[in-house]
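Comments concern the structure below.
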Amino acid sequence: MEKLKNDTAYYHLPGLFEFYDLYRVFLPIFREHREYFYDWCEIGSVYGAPADCIWGGGRVGTGDQDPREVLALMEEYGISARLTFSNSLLREEHLSDRKCNALCTLFGKNGTIRNGVIVHSDLLLDYLKMQYPELYFVSSTTKVLTDFRELLSEIKREDFRFVVPDFRLNKAFDQWNTLTQQEKEKVEFLCNECCWFGCKERRACYEAVSRKNLGETFPDHRCAAPDAEGGYRFSKAMKNPGFIGIEDIKNVYLPMGFSNFKIEGRGLGSALILEFLLYYMTRPEYQLQVREEIYLDTMLDLF
């Protein structure tokens, strides 16, 4: 990845495999009509994992796009691709998985842009460092680091190029101001989390996903959050105390020296991902043009 500009917000977008068709249409618009989009933002990476990856975590992967086509699209537009391998329950025998190793081999090939892996397990991290040193590593938010001292220790680890804090630390400004600029450049804030701010079971929820990806049989995890049955709604996420909107990014985080912002949504539909792209990246006066160009692509199923 290139050296980051301090006055630019770099978005890390969801659905590397899951929303390939959406990005195949959106990225040409982003390149050819740059005037449609805020000049203070860029795409830092696109992250995700295909279906049936036992190293997967955070969400159960659903993408079935050919990884070579995915990689080619990212290389064409100079965007870093990140494999989301944040399973927290991996054991030694899982490290030899052929599919996950093949993906690391493919995405680790030397190109113009360096690709990365989002990890939770230190067992996997040590393995990847040894086998695929050409990849960079991101510490996953699935670690649920809500204690700032623990988070700071994670940020100081040389293993990680970026660290994604738990969203409940997003507004801990007094503590964020204690970081050096080098430390700030490693922080990647999760902007649009919809999870209940008072959730006590976030780690258990992620572990349930890890078990699913491993193919283990276990009772379903039931979310105890208020109105959990309503699912993800962007309007609800905007009311979350940890929500980071575009005015926050421009007027608070960028001036403080933070540049990296993660948008969640791998488990959502492409129509909602488009709304994220419109809100976070697109000037209001051009949002209709972008929406129309996306909708008029007959090859794209947005729902």
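Remember, predicted model here, so these are calculated numbers, not experimental data.
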Centroid separation under 6.0 Å, is that true for the rings of [Y] and [X]?
{"X": "Phe37", "Y": "Phe30", "answer": "yes"}
{"X": "Phe148", "Y": "Trp176", "answer": "yes"}
{"X": "Phe162", "Y": "His12", "answer": "yes"}

Keeping [X] on the side-chain end and [Y] on the backbone end, is there a donor-acceptor pair under 3.5 Å?
{"X": "Gln181", "Y": "Gly257", "answer": "yes"}
{"X": "Asn115", "Y": "Gly108", "answer": "no"}
{"X": "Glu183", "Y": "Thr180", "answer": "yes"}
{"X": "Lys184", "Y": "Met256", "answer": "yes"}
{"X": "Thr178", "Y": "Asp174", "answer": "no"}
{"X": "Asp7", "Y": "Trp40", "answer": "no"}
{"X": "Asp248", "Y": "Gly245", "answer": "yes"}
{"X": "Arg91", "Y": "Leu95", "answer": "no"}
{"X": "Trp55", "Y": "His94", "answer": "yes"}
{"X": "Ser86", "Y": "Ser140", "answer": "no"}

Are [X] and [Y] close enough that some pair of their side-chain heavy atoms sits under 4.5 Å apart?
{"X": "Tyr23", "Y": "Leu13", "value": "yes"}
{"X": "Pro165", "Y": "Leu190", "value": "no"}
{"X": "Tyr11", "Y": "Val46", "value": "no"}
{"X": "Val117", "Y": "Val138", "value": "no"}
{"X": "Ile54", "Y": "Asn87", "value": "no"}
{"X": "Phe234", "Y": "Phe243", "value": "yes"}
{"X": "Asp159", "Y": "Lys129", "value": "yes"}
{"X": "Cys41", "Y": "Tyr10", "value": "no"}

Once side chain to side chain contact (heavy atoms under 4.5 Å, CB included) is applied, do any residues pair with [X], and if so which ones, sequence neighbours excluded?
{"X": "Ser139", "answer": "Lys143, Glu154, Phe160, Val163"}
{"X": "Leu106", "answer": "Pro67, Arg68, Leu71, Lys109"}
{"X": "Glu285", "answer": "Arg283"}

According to a 4.5 Å side-chain heavy-atom criterion applied to Ile, Leu, Val, Met, Phe, Trp and Tyr, with indirect links allowed, do [X] and [Y] form part of one hydrophobic cluster?
{"X": "Phe173", "Y": "Phe258", "answer": "yes"}
{"X": "Phe276", "Y": "Tyr295", "answer": "yes"}
{"X": "Leu274", "Y": "Leu272", "answer": "yes"}

Rounded to the nearest 0.5 Å, what's the gap from [atom1] on [X] to [atom2] on [Y]? Could you check?
{"X": "Leu296", "Y": "Glu292", "atom1": "CG", "atom2": "CD", "value": "6.5 Å"}
{"X": "Leu277", "Y": "Ile43", "atom1": "CG", "atom2": "CD1", "value": "7.5 Å"}
{"X": "Leu278", "Y": "Gln289", "atom1": "CG", "atom2": "CD", "value": "11.0 Å"}
{"X": "Tyr253", "Y": "Ile244", "atom1": "OH", "atom2": "CD1", "value": "3.5 Å"}
{"X": "Ile249", "Y": "Glu247", "atom1": "CD1", "atom2": "CD", "value": "9.5 Å"}
{"X": "Leu128", "Y": "Phe137", "atom1": "CG", "atom2": "CZ", "value": "5.0 Å"}

Any idea which heavy atoms bring [X] and [Y] closest together, and the distance?
{"X": "Ile273", "Y": "Gly265", "result": "CD1-O, 3.3 Å"}
{"X": "Ala9", "Y": "Leu254", "result": "N-CD2, 3.9 Å"}
{"X": "Tyr279", "Y": "Ile246", "result": "OH-N, 3.2 Å"}
{"X": "Glu193", "Y": "Asn240", "result": "O-ND2, 3.4 Å"}
{"X": "Ala237", "Y": "Cys194", "result": "N-SG, 4.0 Å"}

Under the side-chain hydrogen bond (donor to acceptor under 3.5 Å, both in side chains) test, which residues partner [X], sequence neighbours left out?
{"X": "Glu69", "result": "Gln65"}
{"X": "Gln175", "result": "none"}
{"X": "Tyr132", "result": "Asn101"}

Are side-chain N/O atoms of Arg82 and Ser45 paired as donor and acceptor at under 3.5 Å?
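Arg82 vs Ser45: donor-acceptor pair found between side chains.
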Using 4.0 Å as the upper bound for N to carboxylate O, is an ion pair formed by [Y] and [X]?
{"X": "Glu158", "Y": "Lys186", "answer": "no"}
{"X": "Arg157", "Y": "Asp122", "answer": "yes"}
{"X": "Glu18", "Y": "Arg266", "answer": "yes"}

When you look at Lys99 and Asp97, which way does the salt bridge (charged side-chain N to carboxylate O under 4.0 Å, His left out) test go after all the steps?
CA-CA 6 Å; Lys99 181 171 185 175; Asp97 182 77; over 6 Å; no
Cation-pi check for Tyr136 against Arg161: NZ or CZ below 6.0 Å from the six-membered ring centre and within 45 degrees of the axis, yes or no?
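The answer is yes; both the distance and angle limits are met.
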Counting only heavy atoms not in Arg98, do more than 12 sit closer than 6.0 Å to its CZ atom?
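At most 12 heavy atoms, drawn from other residues, nucleotides or ligands, come within 6.0 Å of this atom.
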Determine whether more than 12 heavy atoms belonging to other residues, nucleotides or ligands lie under 6.0 Å from atom CD of Glu35.
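More than 12 within 6.0 Å, yes.
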Give the intermediate values and the outcome of side chain to side chain contact (heavy atoms under 4.5 Å, CB included) for residues Leu152 and Leu179.
CA-CA 8 Å; Leu152 185 57; Leu179 271 59; 4.2 Å; yes
